[in-house]
Amino acid sequence: MPATLIDGKAIAEQINAETIVEIARLKNQCGVTPGLAVVLVGENPASVTYVSMKDKVCARLGMHSERVSLPATTRESELLANINNLNLKQEIHGILVQSPLPPQISEEKVFAAVSPAKDVDGFHPLNVGKLANGDPTGFVPCTPAGVHELLIRSGVRIDGAHVVVLGRSRIVGRPLSLILSQKAAHANATVTVCHSRSRNLAEICRSADVLIAAIGVPGFVKADMVRDGAVVIDVGVNRLEDKTSDKGYRIVGDVDFDAVSQRALLITPVPGGVGPMTIAMLMHNTVRAARMQHGAS
Ligand code: NAP
């Protein structure tokens, strides 16, 4: 029997509806409208699309949003000065610096420059440390937080499950492995993290109750890497040239969807799986940041 789809769009809308309620509560309690600033350096087409999507969702949920667009030639010091301005700006509660950044700019320095209280992307070393320590007062990166919520809200039992995470990036794979292996409710998984140097990858994948692909290789996960009845989450977003499409390309994930969905119990589509969750968690984190900055309960 083909797998049931996990509808990331619908689950993201549930979260957005909850965020709208939180925004109204914050406005009533403190007269504050949560504000998100997105910093875009250069004109990477995928980044421009993401940033526009974020603007639109902010407007739809009734949040304040600001965009800082800088040329690809921006010096690191200029970007850091812009971040510092946003750190001081009262109407901004969350700051996101869209990656990738041009090569002359150190991502480390940029992530460390964002005030930890406004670090709604969860990349500041303080928030990374809090996640590693199991301290829930920090911010967790949006894509792995979105994957976690997808699993929880789809009724997937994580406790005691063997979760295989393909990819160890600091944006997705590594934080996800930390979230799922916490000694906490909706976690307690046995997590195996795989990467480009892993041996016996297919065999490890086949032993997964939950297989999460976040590597950026189109269709990498084949049906023979998935055991019958597994839950498969596809984080990958890959552009493939497609002359038959209006845009000239189509988006595919890291999973060979058609074949794998014949084996899996639950599977996320691309697009419409993890993508919408990332934005929903960003909005959630921004409202939480605003609440914390204003001492609201
Ligand atoms: P990344 O920084 O390039 O990291 C890729 C990871 O995959 C690395 O750990 C790499 O191993 C591993 N890898 C690459 N090729 C592999 C292979 N053939 N076998 C095993 N492991 C392999 O990428 P990322 O930022 O984590 O993103 C991963 C994917 O998720 C991309 O398609 C990206 O577009 C997508 N993404 C989606 C969202 C969303 O909102 N849906 C958000 C972020 C990212 P090494 O560490 O050994 O190099």
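When a residue number appears, it is its place in the shown sequence, counting from 1. Reckoned from all heavy atoms, side chains included, excluding hydrogens, waters and symmetry mates. Worth saying up front: this structure is predicted, and the values here are computed from it rather than measured.
For the side-chain contact (heavy atoms from CB on, under 4.5 Å) test with Val120, the passing option among Leu36, Val287, Ile95 is Leu36; the others fail. Applying the side-chain contact (heavy atoms from CB on, under 4.5 Å) test between Ile158 and each of Val191, Ile179, Leu151 identifies Leu151 as the sole match. None of Pro276, Pro141, Pro144, Cys142 except one satisfies the side-chain contact (heavy atoms from CB on, under 4.5 Å) rule with Met281; the exception is Cys142. Checking His162, Arg227, Arg157 one by one against Asp209, the side-chain hydrogen bond (donor to acceptor under 3.5 Å, both in side chains) holds for a single residue, Arg227.
Looking only at distances, no side-chain donor or acceptor of Glu149 sits under 3.5 Å from a matching main-chain atom of Met277. Counting only distance, with no hydrogens or angles, the side chain of Asn285 and the backbone of Gly94 share no donor-acceptor pair below 3.5 Å. A distance-only check finds a donor-acceptor pair linking the side chain of Asn238 to the backbone of Val252 [under 3.5 Å]. For Asn127 (side chain) and Pro116 (main-chain N/O), a donor-acceptor pair under 3.5 Å exists by modelled atom type. Judged by distance alone, the side chain of Ser169 and the main-chain N or O of Val172 form a donor-acceptor pair under 3.5 Å. Formation of a donor-acceptor pair under 3.5 Å by the Gln104 side chain with backbone atoms of Ala72 is found in this model. Under a 3.5 Å cut-off, the side chain of Asp242 and the backbone N or O of Arg250 do not form any donor-acceptor pair. Checking side-chain atoms of His195 against main-chain N and O of Gly167 turns up no donor-acceptor pair under 3.5 Å. A donor-acceptor pair is defined here as one N or O able to donate and one able to accept, closer than 3.5 Å; no such pair exists between the side chain of Asn200 and the backbone of Glu203. Proximity of a side-chain donor or acceptor of His93 to a complementary backbone N or O of His294 within less than 3.5 Å is not detected.
At least one side-chain heavy atom of Arg197 sits under 4.5 Å from a side-chain heavy atom of Arg168. Side-chain contact between Val128 and Leu126: absent, with no pair of heavy atoms (C-beta onward) separated by less than 4.5 Å. You'll find the side chain of Asn82 stays beyond 4.5 Å of the side chain of Val39, heavy atoms only. Put simply, the side chain of Thr74 does not reach to within 4.5 Å of the side chain of Pro102, judged on heavy atoms. Leu79 has its side chain within reach of Leu70: a pair of non-hydrogen atoms, C-beta onward, lies under 4.5 Å apart. Within the 4.5 Å cutoff, the side chain of Asp121 has no heavy atoms near those of the Val97 side chain.
Residues satisfying the ring-ring contact (aromatic ring centres under 6.0 Å, His included) criterion with Tyr50, sequence neighbours excluded, are absent altogether. Remark: Thr19 engages no residue in a side chain to side chain donor-acceptor pair (under 3.5 Å) (not counting sequence neighbours). Partners of Arg288 by side chain to side chain donor-acceptor pair (under 3.5 Å), not counting sequence neighbours: none found. With sequence neighbours excluded, no residue forms a side chain to side chain donor-acceptor pair (under 3.5 Å) with Asp224.
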Exercise for review: Verify side chain to side chain contact (heavy atoms under 4.5 Å, CB included) between Val221 and Cys205, making sure each step is shown before the conclusion.
Suggested key: CA-CA 9 Å; Val221 175; Cys205 290; 5.7 Å; no
**Study point:** Criterion side-chain hydrogen bond (donor to acceptor under 3.5 Å, both in side chains) on Lys54 and Ser65, from CA distance to verdict
**Key:** CA-CA 9 Å; Lys54 285 163 188 166; Ser65 74; over 6 Å; no
Practice item. List the steps, then state whether side chain to side chain contact (heavy atoms under 4.5 Å, CB included) holds for Lys183 with Asn188. Key: CA-CA 5 Å; Lys183 192 166 183 171; Asn188 287 313; 4.0 Å; yes
Practice item. Evaluate side chain to side chain contact (heavy atoms under 4.5 Å, CB included) for Asn16 paired with Arg60, printing each intermediate quantity in order. Key: CA-CA 9 Å; Asn16 286 337; Arg60 189 157 62 82; 3.8 Å; yes
Point to revise | Test log, rule side chain to side chain contact (heavy atoms under 4.5 Å, CB included), inputs Val147 and Leu180 | key: CA-CA 10 Å; Val147 170; Leu180 298 176; 5.7 Å; no
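To the nearest 0.5 Å, the span separating NZ on Lys118 from OG1 on Thr286 amounts to 11.5 Å. Tyr249 contributes atom OH, which lies 10.5 Å from atom CG of Asp246 (distance to the nearest 0.5 angstrom). The CD atom of Gln262 sits 11.0 Å away from the CG atom of Asp228 when rounded to the nearest 0.5 Å. Between atom OG of residue Ser245 and atom CG of residue Leu240 there is a gap of 11.0 Å, rounded to the nearest 0.5 Å. To the nearest 0.5 Å, atom OG of residue Ser115 and atom CG of residue Leu86 are 11.0 Å apart. One distance of note links CD1 of Ile23 with OG1 of Thr33; it measures 8.5 Å at 0.5 Å rounding.
Salt-bridge formation is detected for the pair Arg25/Glu22: a Lys NZ or Arg NE/NH1/NH2 atom is positioned less than 4.0 Å from an Asp or Glu carboxylate oxygen.
The environment of Arg239 atom CZ is dense: over 12 non-hydrogen atoms of other residues, nucleotides or ligands sit within 6.0 angstrom. More than 12 heavy atoms of other shown residues, nucleotides or ligands fall within 6.0 angstrom of atom NE2 in His64.
A chain of hydrophobic side-chain contacts below 4.5 Å, direct or via other Ile, Leu, Val, Met, Phe, Trp or Tyr residues, connects Leu176 to Val193. If you chain together hydrophobic residues whose side chains sit under 4.5 Å apart, Leu96 and Leu61 fall into the same group. Linking Ile, Leu, Val, Met, Phe, Trp and Tyr whenever their side-chain heavy atoms come within less than 4.5 Å leaves Ile251 and Ile267 in two separate clusters. Both Ile279 and Val38 belong to a single network of hydrophobic side chains, linked directly or stepwise wherever heavy atoms of I, L, V, M, F, W or Y lie under 4.5 Å apart. Clustering ILVMFWY residues whenever any of their side-chain heavy atoms sit less than 4.5 angstrom apart, transitively, puts Leu211 in the very cluster that holds Ile204.
Of all heavy-atom pairs spanning Leu26 and Pro34, the tightest one is CD2-CG, 3.8 Å. The two atoms that bring Leu5 and Pro269 nearest to each other are CD2-CD, 4.0 Å, heavy atoms only. A pairwise comparison of heavy atoms in Leu266 and Ser154 identifies CD1-O, 4.3 Å as the closest pair. Pairing each heavy atom of Ala145 with each of Val140, the nearest pair is CB-CG1, 4.0 Å. When all heavy atoms of Gln293 and Ala117 are compared, the pair lying nearest together is NE2-O, 3.1 Å. Heavy-atom minimum distance, Ala202 versus Met225: CB-CG, 3.9 Å.
The stretch residues 96-117 participates, sequence neighbours left out, in these salt bridge (charged side-chain N to carboxylate O under 4.0 Å, His left out) pairs: Glu76-Lys109, Glu107-Arg170, Glu108-Arg170.
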Could you go through residues 212-219 and list every donor-acceptor pair under 3.5 Å that involves a side-chain atom there, pairing it with any protein atom two or more places apart or in another chain?
none

